[in-house]
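Reviewing the structure listed below.
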2 protein chains.
Amino acid sequence: MRVKSRKFTQLRNAHHREKAEDYVEMIQDLADQQGEARLTDVAKRFGVSTVTAHKILFRLQREKWITSKPYRAIFLTPRGKRLAMESKRRHKIVYQFLKKIGVPEEIAQIDAEGMEHHVSSETLKILRRRLKK
Amino acid sequence: MRVKSRKFTQLRNAHHREKAEDYVEMIQDLADQQGEARLTDVAKRFGVSTVTAHKILFRLQREKWITSKPYRAIFLTPRGKRLAMESKRRHKIVYQFLKKIGVPEEIAQIDAEGMEHHVSSETLKILRRRLKK
DNA sequence: TCTAAAATTTAGCCTTGGCTAAACTGGAGC
DNA sequence: GCTCCAGTTTAGCCAAGGCTAAATTTTAGA
Ligand SMILES: [Mn+2]
Ligand SMILES: [Mn+2]
Ligand SMILES: [Mn+2]
Ligand SMILES: [Mn+2]
């Protein structure tokens with residue numbers, strides 16, 4: 001009986017992980033594109049205030065996904081790098097799958113940004129297999 | 001430039017709508033299955049305390065998705081009924097699509113519970129078309 | 001070098017959605 | 001009709017993630 005509610009519990013957990021996934025992914029992108037990730041750029045790309053971004057980054061530092069010294073750039077920990085790679089891979093597969101079945105690029109981008117966090121590894125495997133065909 | 005961040009804004013909006021969608025869907029289910037939706041059953045099915053469910057239902061009432069009198073059952077407004085129907089339809093299509101491409105039932109249930117809220121009407125149309133084939 | 005602008009941090013506010021403890025109410029059953 | 005119990009509500013706590021205003025630090029340019 002209580003098993004019925006498990007999917008909602010997992011949904012709540014997914015939402016807790018979401019911010020971490022999107023942020024480490026973004027930090028990796030910025031490091032690749034600009035050499036380093038700065039708070040201002042992170043905030044700009046997410047469309048939030050620097051204060052909000054700063055608070056989220058503070059939590060991510062506490063949770064050991066990133067490191068940074070006051071007023072300096074942000075770096076991924078090894079653990080953070082791993083999460084970034086996995087997240088980017090998942091993101092790309094979901095996005096490409098959507099495009100493959102005929103979703104317009106812009107819409108695929110929006111949908112993938114949300115869907116990616118709710119795709120299990122089992123489902124991901126199946127999407128990837130379809131993508132290769 | 002600021003356009004780049006739109007997908008994240010939409011993601012945040014989707015998360016605000018999520019609880020409303022899942023709750024009205026559940027209220028409709030309970031009404032169908034037990035004649036009426038009671039707070040205790042709603043809380044049980046979501047795996048949260050009655051206090052949490054009560055607070056969420058209070059907000060949904062404020063936002064005119066539901067009505068209820070103190071210590072009484074919960075009812076959907078016309079607007080709430082419409083949202084429940086649309087949500088259930090979207091949920092079903094996503095779930096069935098996942099099963100169709102080979103995702104095991106239990107996993108499809110979990111993934112669909114999260115993914116459904118991030119599937120645009122354009123993507124939904126495409127999933128439905130594939131489902132019919 | 002010094003100063004002003006830009007970047008970052010801090011303070012303090014709000015809403016949502018979690019929780020436990022405790023109070024209250026309606027109704028079932030004696 | 002009364003009692004008591006299950007169901008509901010209220011009070012009060014917490015964390016996350018949104019904001020603006022203000023303080024602080026870094027850095028670029030004259
Ligand atoms: Mn995302
Ligand atoms: Mn649903
Ligand atoms: Mn759902
Ligand atoms: Mn989500």
Side-chain angles (χ1 to χ4, degrees), chain A residues 1-2 5-24 26-27 30 34-75 113-114 117, chain B residues 2 5-24 26-27 30-31 34-75 113-114 117:
Chain A
M1 243 328 171
R2 49 220 159 287
S5 62
R6 196 183 304 154
K7 63 178 171 180
F8 293 108
T9 308
Q10 293 203 218
L11 179 55
R12 289 191 292 269
N13 291 342
H15 283 150
H16 185 78
R17 248 194 330 270
E18 256 189 53
K19 282 274 167 328
E21 292 179 352
D22 284 344
Y23 271 67
V24 296
M26 186 66 85
I27 287 163
L30 283 165
Q34 339 226 296
E36 59 175 18
R38 302 295 317 209
L39 171 66
T40 311
D41 303 308
V42 172
K44 229 173 260 164
R45 294 224 184 167
F46 280 116
V48 297
S49 70
T50 56
V51 180
T52 294
H54 181 262
K55 217 187 270 194
I56 290 170
L57 291 171
F58 189 86
R59 164 170 86 82
L60 297 187
Q61 185 157 22
R62 195 186 68 216
E63 294 174 357
K64 304 270 197 290
W65 301 112
I66 65 173
T67 57
S68 87
K69 290 182 203 156
Y71 295 96
R72 294 288 191 252
I74 300 137
F75 301 95
E113 195 57 70
H117 309 285
Chain B
R2 48 219 159 292
S5 62
R6 195 183 305 154
K7 63 178 170 178
F8 294 108
T9 307
Q10 292 203 219
L11 179 54
R12 290 191 290 270
N13 291 343
H15 283 150
H16 184 79
R17 245 193 333 269
E18 257 190 51
K19 281 274 167 333
E21 292 178 353
D22 283 343
Y23 271 69
V24 295
M26 187 67 85
I27 288 163
L30 283 166
Q34 340 225 296
E36 60 175 17
R38 303 295 318 209
L39 170 66
T40 311
D41 302 309
V42 171
K44 229 172 260 167
R45 294 223 184 167
F46 280 116
V48 296
S49 70
T50 57
V51 179
T52 294
H54 181 262
K55 218 186 270 192
I56 290 169
L57 291 171
F58 190 87
R59 163 170 86 82
L60 297 187
Q61 185 156 21
R62 195 187 66 217
E63 293 173 358
K64 304 270 197 291
W65 300 111
I66 64 172
T67 56
S68 86
K69 291 184 202 154
Y71 297 96
R72 295 287 192 258
I74 300 139
F75 301 94
E113 195 57 70
H117 308 285

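Numbers restart at 1 for each chain; the letters A, B, ... are given by sequence-line order, proteins then strands.
Here the closest non-hydrogen pair linking A/Asp22 and A/Glu113 is OD1-OE2, 3.1 Å. The two atoms that bring A/Gly47 and B/Arg12 nearest to each other are O-NH2, 3.4 Å, heavy atoms only. B/Arg38 and B/Ile74 get closest at one heavy-atom pair: C-CD1, 4.0 Å.
A straight line from CG of B/Leu11 to C1' of D/dA16 spans 15 Å, rounded to a whole angstrom. One can place CG of B/Leu57 at 9 Å from P of D/dT9, the figure rounded to the nearest angstrom. Here the P atom of nucleotide D/dA15 and the CD1 atom of A/Ile56 are 16 Å apart, to the nearest Å. Spacing between atom CZ of A/Phe58 and atom C1' of D/dG18 amounts to 18 Å, rounded to whole angstrom units. Protein atom CG of B/Leu39 is 19 Å distant from nucleotide atom P of C/dC24, rounded to whole Å. The CZ-P distance, from A/Phe8 to C/dG17, rounds to 14 Å in whole Å. Atom CG of B/Leu30 and atom P of D/dG7 are 14 Å apart (whole Å). Straight-line distance from the CG atom of A/Asp41 to the P atom of C/dA7: 8 Å, rounded to whole Å.
Contact annotation: A/Thr52 reaches the phosphate of D/dC19 (side-chain N/O to OP1 or OP2, under 4.0 Å). Remark: B/His54 is not in phosphate contact with D/dT8, judged by side-chain N or O atoms under 4.0 Å from OP1 or OP2. Put simply, A/Arg38 has a side-chain N or O that comes within less than 4.0 Å of OP1 or OP2 on C/dT8.
Ring pair A/His15/B/His15 is perpendicular by interplanar angle, where above 60° counts as perpendicular and below 30° as parallel. Relative orientation of the A/Phe46 and B/Phe8 rings is perpendicular, given thresholds of 30° and 60° on the angle between their planes.
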Does the side-chain contact (heavy atoms from CB on, under 4.5 Å) test come out yes or no for A/Phe75 and A/Ile66, once each step is laid out?
CA-CA 6 Å; A/Phe75 301 95; A/Ile66 65 173; over 6 Å; no

Could you go through B/Asp41 and B/Met26, starting from their C-alpha distance and side-chain angles, then the distance that decides it, and tell me whether this counts as side-chain contact (heavy atoms from CB on, under 4.5 Å)?
CA-CA 10 Å; B/Asp41 302 309; B/Met26 187 67 85; over 6 Å; no

Could you go step by step and tell me if B/Thr52 and B/Lys55 meet the side-chain contact (heavy atoms from CB on, under 4.5 Å) rule?
CA-CA 5 Å; B/Thr52 294; B/Lys55 218 186 270 192; 5.8 Å; no

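Considering only side-chain atoms of A/Val51, the nucleotide from D/dT8, C/dA7, C/dT10 that sits closest is C/dT10. Side-chain proximity of B/Thr40 to the nucleotides D/dG17, C/dC19, D/dG7 is greatest for D/dG7.
The existence of a salt bridge linking B/Lys19 and B/Glu21 is excluded, since no basic side-chain nitrogen approaches an acidic carboxylate oxygen closer than 4.0 Å.
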Sub-3.5 Å pairs of nitrogen or oxygen atoms, protein against nucleotides 13-16 of chain C:
residue, atom, partner, partner atom, Å
C/dT16, OP1, B/Arg62, NH2, 2.9

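Contact check of residues 65-73 of chain B against DNA chain D (heavy atom, cut-off under 4.0 Å) returns B/Pro70, B/Tyr71.
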